[in-house]
Amino acid sequence: MLVMFVGADRTETAVNAAQVTFVSSVTDGTRIRFGEGRSVTVTEPIGEVMRTLNEALRPHD
């Protein structure tokens with residue numbers, strides 16, 4: 001499931017919630033890490049990122 005965030009450079013960023021391995025708070029917002037050393041920094045606070053990712057991964061009726 002893809003979710004949309006605003007990147008640190010103010011561009012829209014699509015994230016595959018199933019590939020996220022680690023989320024951390026940074027000065028610029030929230031860093032979302034994936035496998036193989038890839039990451040993206042988004043402007044949303046960590047609480048909002050976690051809520052959005054969890055909602056995307058929740059089974060839908």
Side-chain angles (χ1 to χ4, degrees):
M1 171 68 68
L2 294 176
V3 294
M4 297 294 292
F5 296 107
V6 177
D9 60 356
R10 301 291 184 211
T11 60
E12 290 183 327
T13 303
V15 173
N16 183 340
Q19 293 182 342
V20 173
T21 59
F22 190 77
V23 178
S24 59
S25 183
V26 293
T27 304
D28 297 338
T30 302
R31 180 157 301 134
I32 303 170
R33 296 181 192 272
F34 309 89
E36 303 172 10
R38 297 175 298 138
S39 68
V40 63
T41 300
V42 298
T43 59
E44 288 85 348
I46 193 167
E48 178 67 17
V49 169
M50 293 303 299
R51 185 195 63 73
T52 304
L53 291 172
N54 284 332
E55 186 175 304
L57 293 172
R58 186 174 301 131
H60 292 65
D61 294 331

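Note that these values count all heavy atoms, side chains included, but never hydrogens, waters or copies made by symmetry.
With Thr30 contributing its side chain and Glu44 its backbone, the two residues share a donor-acceptor pair below 3.5 Å. Thr43 places no side-chain N or O within donor-acceptor distance of the main-chain N or O of Gly29, the cut-off being under 3.5 Å.
With rounding to the nearest 0.5 Å, the separation of CD1 in Ile32 from CG in Asn16 is 11.5 Å.
The closest side-chain heavy-atom distance from Met4 to Thr52 is not below 4.5 Å.
Val3 and Ala56 make their closest contact through CG1-CB, 3.3 Å (heavy atoms, listed as atom of the first residue, atom of the second, distance).
Following chains of ILVMFWY side-chain contacts shorter than 4.5 Å, one cannot reach Leu57 starting from Val15, and the two form parts of different hydrophobic clusters. Val42 and Phe34 fall within the same hydrophobic cluster, where Ile, Leu, Val, Met, Phe, Trp and Tyr residues are linked whenever their side-chain heavy atoms come under 4.5 Å apart, directly or through other members. Each of Val23 and Val26 belongs to its own hydrophobic cluster when Ile, Leu, Val, Met, Phe, Trp and Tyr are linked at side-chain heavy-atom distances under 4.5 angstrom.
Residue Arg38 qualifies as enclosed at atom CZ: its count of foreign heavy atoms under 6.0 Å is above 12.
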